Amino acid sequence: MAKDSRQVDAITRRDTDFTQWYTDVCVKAELIGYTTVKGMFVLRPYGYAIWENIQKELDGRFKATGHENVSMPLFIPESLLQKEKDHIEGFAPECAWVTMGGNEKLEERLCVRPTSETLFCSHWADVVHSWRDLPKLYNQWCSVVRWEKTSRPFLRHREFLWQEGHTLHATPEEAIAETEQQLETYADLCENVLAMPVIRGCKTDKEKFAGAERTYTIECMMHDHTALQGGTSHYFGNGFPTAFDIAFSDKNNQLVHPYETSWGLSTRIIGGLIMTHGDDNGLVLPPRVAPIQTVVLPIAQHKEGVLDAARALADRLGAMGIRVKVDDSDQSAGWKFAQYEMKGVPLRVEIGPRDIEKNECVAARRDTGEKTVISLDTLEDSIRALMDDIHNNMYAMAKKNMEDNTFEAETVEEVKKIVDGKGGFVKTKWCGSTECENAMKERAGVTSRCVPFVQDGKTGVCPICGKQSVKTVIWGVAY
RNA sequence: CCGGGAUUAGCGCAGUUGGUAGCGCGGGUGGUUUGGGACCAUCAGGCCGGGCGUUCGAGUCGCCCAUCUCGGACCA
């Protein structure tokens, strides 16, 4: 156990108070900084580096599937925002408005973009005329502003970084295929980079995006069994294109409206990453997204040859593409151990005089704490295998948490009992009505997370109205 | 937006009946150390969250505001 070490004590234990633990990790791992404006956060270098890695992974996938990056304006004139009725109703309560330009009052107030559907549509109305102009496969990396009442690091910022993809297609089939493809890209990021298992599904009508015909989602389970939406992908039909008067001449020389999609993933996923994998010693990062994948710590570094050996070791790891850091600061070894555990570095490699003598080093993995002795002769192979093993183990542990805390229920009472107990996902049959969905929230305190793609096809009863239903829905408590 | 708690040095806190501020850690420097949060010496660091009031005098009392935090409501 830790002795009189205040840094360890300063972190609330995860199982004592999960939300407080979460805040502590964000601050102590140097991911986030507070500012003088409520809900506005600094992403510190270490936190931003995680986002950069997510960006890099996603951007490559977007481009590989034909998407192009663009940059849209920060401001949306009120009249433009109002063109689509459901959209403005959904977003109006959380818009920030600019009303002055210098000392002059503006003729029309400007909304700081909460999302950019209206801007993309307005632009497309100008440039899309022929079927030859389609599809448009656009994405932008930017920040958006939503004037939230309560804020929390990563999970709910008033300004947050994200990417928003917006695409326009000639046919509904093509647009739906795009929507599903992008959801799968998010699922791939979560599972293969972030080591977060997800459930793919559709949002109910009640939970879908303002103005969307259909919203797809990936749902993740946090360590405390609450749900977090990892990313969403929307199919709009031609509602927005009609409202914004986007029309093109098709191959039959008919003037028709195209079909639209949008999809987004934000820095909120970093909050999900923390809450999925973190432990009592702080952050635990999966190797593929970790800013530092391996930290090399020279032991007794003042002794002849130790620093050189550490640097040579790091050079070898760097040469094989590992993001590596040598910490040759004059902190004690114990301090460094704790520090890099707090920051979630997946692997720590120690090298000291005894190792040098035996042509070895010691590798300590963050996910299990396990230490192994590695021969320097097989360094590259061993580290590569460890990285993959850490990823796989982290994924497996998260998946086990999700599976162990996913239940089936037939009555509202059962749902409530599960949720009031240790929480988790609860599967029930559902008739599909918003009335029953609202009733479930009122009586059991849960919201629908999604209607999963994978259905058992069996028939049961809707726990609210008792109707025979084949559709399975997943309920949970969301962040 | 509603309710609870908080705001004094970088961090964590103390500060009595109102009399212009202290401790620990951290930081700098010099030295000894280094395989799980080292040690000695020394130095620096504060408009007591902001405003208004009461008072000869406010960290301390009153009112207002801001921010953080934990619940709840809301959340495309």
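Only a predicted model underlies this, so the values are computations on that prediction, with no experimental measurement involved. Throughout, protein chains are lettered first and strands after them, A, B, ... in sequence-line order, and every chain is numbered starting at 1.
For the residue pair A:P346 and A:I292, the shortest heavy atom distance occurs at CD-O, 3.3 Å.
Contact annotation for A:T232: no contact, since no heavy-atom pair falls under 4.0 Å across all strands. Across all strands shown, A:E94 has heavy atoms under 4.0 Å from base atoms, whether or not it also approaches the sugar-phosphate. As judged by a 4.0 angstrom heavy-atom cut-off over every strand, A:D86 is placed among residues making no nucleic acid contact. Counting any heavy atom pair closer than 4.0 Å across all strands shown, A:V362 reaches a base atom. Here A:G39 lies in heavy-atom contact (under 4.0 Å) with sugar-phosphate atoms only. Contacts of A:K441 with the nucleic acid, taken as non-hydrogen atoms under 4.0 Å apart, involve only primed sugar atoms and P, OP1 or OP2. If you check every strand for non-hydrogen atoms under 4.0 Å, A:P353 touches a base. Residue A:K208 is classed as a sugar-phosphate contact, given heavy-atom separations below 4.0 Å to backbone atoms only. Residue contacts shown for A:H87 are absent, as no nucleic acid heavy atom lies under 4.0 Å away.
Base-pair partner of B:rG45: not found among the strands shown (Watson-Crick or G-U wobble, both distances under 3.5 Å). Base pairing analysis places B:rG10 opposite B:rC25; the two distances defining the Watson-Crick or G-U wobble pair are each below 3.5 Å. Pairing for B:rA38 is with B:rU32, a Watson-Crick or G-U wobble pair whose two hydrogen-bonding atom distances lie under 3.5 Å. Shown here, B:rC75 forms no base pair; nothing in the strands shown gives a Watson-Crick or G-U wobble contact with both key distances under 3.5 Å. Pairing of B:rG3, defined by two Watson-Crick or G-U wobble distances under 3.5 Å, is identified with B:rC70.
The aromatic ring of A:H302 sits over the base of B:rU34, with ring centres less than 5.5 Å apart and planes inclined by under 30°.
Dashed line: the shortest gap from a side-chain N or O of A:K38 to OP1 or OP2 of B:rC68 is under 4.0 Å. At least one side-chain nitrogen or oxygen of A:T23 sits closer than 4.0 Å to the OP1 or OP2 atom of B:rC70. Look at A:Q331 and you'll find a side-chain N or O under 4.0 angstrom from OP1 or OP2 of B:rG27. Not one side-chain nitrogen or oxygen of A:S332 sits closer than 4.0 Å to the OP1 or OP2 atom of B:rU34. Contact between the side-chain N/O atoms of A:Y340 and the OP1/OP2 oxygens of B:rG37 is not found at any separation under 4.0 Å. In terms of phosphate contacts, A:T19 brings a side-chain nitrogen or oxygen within less than 4.0 Å of OP1 or OP2 of B:rG71.
Regarding A:K206, its NZ atom lies at a distance of 8 Å from the P atom of B:rC74, rounded to whole Å. Whole-Å rounding puts the A:I32 CD1 to B:rC68 C1' distance at 14 Å. Between the CD atom of A:E148 and the P atom of B:rA73 there is a distance of 16 Å, given to the nearest Å.
Other residues, nucleotides and ligands contribute only 12 or fewer heavy atoms inside 6.0 Å of the CD atom of A:E357.
Glycosidic conformation of B:rU33 is anti; the angle lies outside 90° of 0. Syn is the conformation of B:rC47, whose glycosidic angle sits no further than 90° from 0.
As rounded to the nearest Å, B:rG24 and B:rU42 have P atoms that lie 13 Å from one another. Going from the P atom of B:rC25 to that of B:rA38 covers 13 Å, rounded to whole Å. Spacing between B:rC48 and B:rU7 at atom P, rounded to whole Å, works out to 15 Å. Across B:rA58 and B:rC47, the matching C1' atoms stand 13 Å from one another, rounded to whole Å. Rounded to a whole angstrom, the distance from the P atom of B:rU16 to that of B:rC75 is 46 Å.
Checked by atom type, the side-chain pair A:E207/A:S448 shows no donor-acceptor distance below 3.5 Å. Looking at A:N401 and A:N405, their side chains do bring a donor and an acceptor atom within 3.5 Å of each other. No donor-acceptor contact under 3.5 angstrom links the side chains of A:Q301 and A:D328, judged on distance only.
Of the candidates B:rU34, B:rG37, B:rC75, the closest approach to any side-chain atom of A:A333 belongs to B:rU34. Residue A:A300 has its side chain nearest to B:rU34 when only B:rU34, B:rG37, B:rA73 are considered. The side chain of A:Y34 lies closest to B:rU69, out of B:rG37, B:rU69, B:rC70. When distances are taken from the side chain of A:R152 to each of B:rC70, B:rC68, B:rG37, the shortest belongs to B:rC70. Ranking B:rA73, B:rG35, B:rC75 by closeness to the A:K149 side chain, first place goes to B:rA73.
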* Step by step, would you call A:W263 with A:Y216 a side-chain contact (heavy atoms from CB on, under 4.5 Å)? -> CA-CA 9 Å; A:W263 23 278; A:Y216 296 90; over 6 Å; no

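Between the side chain of A:R348 and the base of B:rG36, a donor-acceptor pair under 3.5 Å is found. The base of B:rG36 is paired with the side chain of A:E341 by a donor and an acceptor separated by under 3.5 Å.
In this structure the side chain of A:S233 never reaches within 4.5 angstrom of the side chain of A:T185, judged on heavy atoms.
Here A:I274 contributes atom CD1 and A:F154 contributes atom CZ; the two are 5.0 Å apart, rounded to the nearest 0.5 Å.
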